[in-house]
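Because the structure is predicted, anything quoted here is derived from the model rather than measured. Values below: every heavy atom of this structure, side chains too, minus hydrogens, waters and symmetry copies.
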Amino acid sequence: MECYLFDEPTYFFFTSDLPQLLYYSHVPTTIIALLVGLFVFFNARHLLLNRLLLLISLCFSGWTLISLIAWTNIHGDLILFTWPLFGVFQALISVFSIYFIYVFLNKRDVGFTLKLLFLALLTPVLIFAHTDVSVSGFNLAACDSFGYEGLAYKIYYTGLGFLAMGWIGALLIAKYRKAEGSFRKQIVLMGIGIESFLFSFSFFTFIATYLTGLGIFPDSSLELYGLFGMTIFMIFMSILIVQFRAFNAGITTSSALIVALVILIGSQFTFAPNNTSKMLTAITLIVTGVTGILLIRSVKKEIAQRKEIERLAQHLEQANTRLKALDKQKSEFVSIASHQLRSPLTAVRGYASLLLDGDYGPLPQNAIEPLQRIEKSSRLMTYAIEDYLNVSRIESGNMKYNYSDFNLKDEVEHICDDLRQDAIKNGLSLIFRSDLMSRGIIHADLGKTVQIVQNLIHNSIKYTKEGSIKVLVRDDVVRKKIHVDIIDTGIGMNKETLLTIFQKFERADNANSVNVHGTGLGLYVAKMMTEAMGGEVKAASDGDGKGSCFTITFPLAL
Ligand code: ADP
C-alpha cells in the first residue's frame with residue numbers, strides 16, 4: 001500500500017515537499033536529547049536517575065523517528081504500524097518523567113505500589129495501541145491517519161502528559177518548601193526544565209493533531225514547535241550537571257558537554273534550509289552560548305575555590321595537630337606546675353595555721369594580722385590550684401569518678417552546717433530546708449558531689465553582701481529527679497552574664513566589685529563534673545542586684 005501522490009523520499013527520510021521546520025525541529029533536538037541522555041548514562045550508568053533520563057530521551061527519539069516517518073514516508077503499511085506508537089511513546093515519556101522526578105527528589109527508587117500504579121497508567125495505552133481504539137484507518141490520498149484516531153485514546157495519553165505536569169509540579173513544590181540552600185535551586189531548575197518540556201510536547205502535539213484531525217489546519221506542522229521543549233529541558237539538565245554536579249558528572253566532562261551542545265547548535269547553520277530556521281538557530285545558539293560561557297566560568301571559579309579550600313583544609317589540619325600537641329603540653333605543664341605548687345603551699349598554709357593556733361607559743365600582737373593574711377592568701381591559692389588541676393584533668397579525660405549510692409539530702413545538710421560559720425562571719429544567714437517525697441538517694445561520686453555543692457554555696461557567700469542564703473533540697477518522684485537550689489540575695493546576674501558564666505575563665509563585670517578572688521573556673525568545673533555524673537547545673541537571676549538561684553539536678557536512685 002503506497003501513497004502514489006507523494007514522491008518516494010531519498011534515504012528513507014529526505015524529501016522536499018515538507019514544512020520548513022521539519023528537519024530543524026526533529027534532527028537537532030533528537031541529537032541534543034540523545035547526547036545529554038547518553039552522556040549522563042555513561043558518566044554513571046549504575047545510577048537510576050541517569051538511566052531514567054536516558055529512557056526519556058530514547059522515548060523522545062523514538063517519537064521523533066516515527067514522526068519523521070509519518071511526515072516523509074509513502075509506505076502506508078509502515079505509517080499505519082507506527083502511527084499508534086505516538087501515543088505509546090508519549091505515555092512512556094509522561095510516566096518516566098514522574099518516576100524520574102521521584103528519584104531526583106528522594107535520591108532513591110520508588111516503592112512497589114508506585115511502580116504498579118505507573119504500570120496501571122500505561123496498560124490501557126499499551127493494550128489498545130494496535131486496535132481500532134487507537135487508529136482505525138488510513139487515508140491513502142493524504143498518506144496519514146488523521147481523522148481515524150480514537151479520540152478517547154488520544155485524550156487518555158495526552159491527559160497522562162498533563163497529569164504528569166500536575167503530579168511533578170506538586171512533588172517539586174512540596175519538596176521545595178522543605179529543602180534548603182542549593183537543593184532549592186536545583187529543584188527550580190529541574191522544575192522549569194521538565195515542566196516546559198512536558199507542556200510544550202503534550203500541548204502542541206495534541207492541539208496540532210487534534211485540530212488537523214478536525215480539518216482546521218491543513219497539516220499538523222504546529223507540533224514541530226512543541227519539540228523545542230526538549231532542547232529547553234536538556235539545557236536545564238546541562239546547567240544542573242555543570243553547576244551542581246547532578247547525575248554525578250565530573251566537571252571537565254560537563255564542560256565538554258556544553259561545548260558539544262554549542263557546536264551542535266552552531267553547526268545547524270550549515271543545513272538550516274530557510275530564514276526561520278536560521279533565526280531559531282541563532283537564538284538557540286546565543287542562549288546556549290551565553291549560558292555555556294557563564295557555566296564554564298562558574299565551574300572554573302569553583303575549581304579554583306575548591307583548590308583553595310583544599311589547601312586551607314590541609315593547613316588547618318596541620319595547625320590543628322600542632323594545637324592539639326600544644327594543648328596536651330599545656331595541660332601537662334599546668335598539671336605539673338600545680339602539683340609542685342600545691343605541696344609547698346600546703347606547708348605554708350599548715351604552718352600559718354599552727355602559728356595562729358598558738359602551737360609555737362604566744363605570738364606578738366603585731367604578727368597576728370600578717371599571719372592571718374598569709375593563711376588566707378595561701379588558702380585561696382590552694383583553691384585556685386585545685387581549680388586548674390580539675391580543668392586539666394577534665395580536659396585530658398583523666399578525671400576519675402568513684403560511684404556509690406548516698407543520701408544527697410544528708411550530705412547537703414552537713415555541708416550547710418560546715419559553711420554556716422563562714423556565712424555568719426560575712427554577716428549572712430545560711431538556711432537549710434528539705435522537701436522530699438523520696439529518701440533522696442543518688443548514685444554518684446560522693447567527694448565530687450560534695451565539692452560541687454560546696455563550690456556553689458561558697459560562690460553565694462562570696463557574691464552576697466547582705467541578706468541570706470537558702471539551700472533547699474527537693475525532689476520530683478515522677479520524673480525521678482532531685483534538685484538542690486542555692487538561693488541568695490547577692491549581686492545577681494544580667495542576661496548576658498547568665499549566658500557565659502559556665503564557660504572557662506568567665507567572670508561577670510560586677511564580680512570584681514564584690515570579690516576579687518576568683519579564677520572563673522569553679523562553675524565550669526562544677527558543670528562538667530555534674531554532667532559527667534548524669535546531672536545538670538542551671539543558673540537563674542532576675543538581673544543585677546536581684547540575687548541568684550543555682551540549681552543542681554541529679555537523677556534519683558530509687
Ligand atoms: P569565680 O567565682 O572564681 O570567679 P566561678 O566559675 O565560680 O568563678 O563563677 C563564675 C562567675 O559567675 C563569677 O565570677 C561571678 O561573676 C558569677 N557568679 C557565680 N556565682 C554567683 C552568685 N551566687 N551570684 C552572682 N554571680 C555569681
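Side-chain atoms of Thr231 and Thr29 form no donor-acceptor pair, as typed in the model, at a separation below 3.5 Å.
Residues Asp544 and Ile491 have side chains not in contact (no heavy-atom distance under 4.5 Å, counting atoms from C-beta outward). Side-chain contact check for Leu160 versus Leu121: some heavy-atom pair is nearer than 4.5 Å. Annotation: side chain of Arg177 is in contact with side chain of Ile173 (closest heavy-atom distance under 4.5 Å). Considering only heavy atoms from C-beta on, Arg108 stays 4.5 Å or farther from Val103 through its side chain. Looking at heavy atoms from C-beta onward, Thr30 lies out of side-chain contact with Met230 at the 4.5 angstrom threshold. By the 4.5 Å heavy-atom criterion applied to side chains, Leu163 and Ser94 are not counted as neighbours. Two residues are said to be in side-chain contact when any heavy atoms from C-beta on lie closer than 4.5 Å; Ile385 and Leu389 meet this criterion. Using a 4.5 Å heavy-atom cutoff, the side chains of Thr64 and Phe89 are not in contact.
At least one test fails for Lys178 against the ring of Tyr176: distance under 6.0 Å to the centre or angle within 45° of the axis. A cation-pi geometry, defined here as NZ or CZ lying under 6.0 Å from the six-membered ring centre and within 45° of its normal, does not hold between Lys538 and Phe550.
Using cut-offs of 30° and 60° on the angle between ring planes, the pair His26 and Trp63 is parallel.
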Quiz prompt | Ile32 vs Ile235, side-chain contact (heavy atoms from CB on, under 4.5 Å): CA-CA, chis, key distance, verdict | solution = CA-CA 9 Å; Ile32 290 171; Ile235 289 176; over 6 Å; no
Exercise. Take Lys175 and Asn106 through the side-chain contact (heavy atoms from CB on, under 4.5 Å) test and state the conclusion after the steps.
Key: CA-CA 9 Å; Lys175 197 73 176 189; Asn106 302 327; 3.4 Å; yes
Quiz item: Are Tyr401 and Lys448 close enough, and set up right, to give a side-chain contact (heavy atoms from CB on, under 4.5 Å), and what steps lead you there?
Solution: CA-CA 8 Å; Tyr401 296 88; Lys448 302 224 166 35; 3.7 Å; yes
Practice problem: Take Arg311 and Glu308 through the salt bridge (charged side-chain N to carboxylate O under 4.0 Å, His left out) test and state the conclusion after the steps. | Solution: CA-CA 5 Å; Arg311 199 181 57 81; Glu308 180 66 12; 2.8 Å; yes
Quiz item: Stepwise, does the side-chain contact (heavy atoms from CB on, under 4.5 Å) test hold for Phe162 with Ser202?
Solution: CA-CA 7 Å; Phe162 288 103; Ser202 306; 4.2 Å; yes
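Contact between Tyr157 and Gln90 at its shortest, heavy atoms only, is CE1-OE1, 3.5 Å. When every heavy atom of Ala33 is checked against every heavy atom of Met234, the shortest pair comes out as CA-CG, 3.9 Å. Between Lys527 and Val537, the closest heavy-atom pair is CA-CG2, 4.1 Å. The two residues Ala164 and Leu198 make their nearest non-hydrogen contact at CB-CD1, 4.0 Å. The two residues Gly191 and Leu172 come nearest to each other via the heavy atoms CA-CD1, 3.4 Å. Smallest separation of non-hydrogen atoms from Trp83 and Val135: CD1-CG2, 3.6 Å.
Using modelled atom types, one side-chain atom of Ser134 and one backbone atom of Ala129 make a donor-acceptor pair closer than 3.5 Å. Counting only distance, with no hydrogens or angles, the side chain of His130 and the backbone of Phe81 share a donor-acceptor pair below 3.5 Å. Under a 3.5 Å cut-off, the side chain of Asn320 and the backbone N or O of Leu316 do not form any donor-acceptor pair. Of the possible donor and acceptor atoms, one in the side chain of Ser541 sits under 3.5 Å from a partner among the backbone N and O of Met493.
A salt bridge between Lys504 and Glu395 is present, with a side-chain N of the basic residue lying under 4.0 Å from a carboxylate O of the acidic one.
The list of salt bridge (charged side-chain N to carboxylate O under 4.0 Å, His left out) pairs with a residue in residues 84-102, not counting sequence neighbours, is empty. Residue pairs that meet the side chain to side chain donor-acceptor pair (under 3.5 Å) test with at least one member in residues 44-62, sequence neighbours left out, do not exist here.
Distance check: Lys495 NZ to Asp542 CG gives 10.5 Å after rounding to the nearest 0.5 Å. Separation of atoms CG (Leu47) and CG (Leu53) is listed at 11.5 Å; rounding is to 0.5 Å. Here CE of Met190 is found 9.0 Å from CZ of Phe183. Values are rounded to the nearest 0.5 Å. With values rounded to the nearest 0.5 angstrom, Leu499 atom CG is found 9.0 Å from Asn494 atom CG. For the atom pair Leu523 CG and Arg507 CZ, the distance stands at 10.5 Å (nearest 0.5 Å). With rounding to the nearest 0.5 Å, the separation of CG in Leu38 from CG in Leu54 is 5.5 Å.
Here Phe118 and Tyr99 bring their ring centres to under 6.0 angstrom of each other. Residues Phe96 and Phe100 keep their aromatic ring centres 6.0 Å or farther apart.
Under the salt bridge (charged side-chain N to carboxylate O under 4.0 Å, His left out) criterion, Lys546 pairs with no residue, sequence neighbours left out.
Other residues, nucleotides and ligands contribute more than 12 heavy atoms inside 6.0 Å of the CD atom of Gln305. With a 6.0 Å radius and a threshold of 12 heavy atoms from other residues, nucleotides or ligands, Phe203 has its CZ atom at or below the threshold. No more than 12 heavy atoms of other residues, nucleotides or ligands shown are found within 6.0 angstrom of NZ on Lys301.
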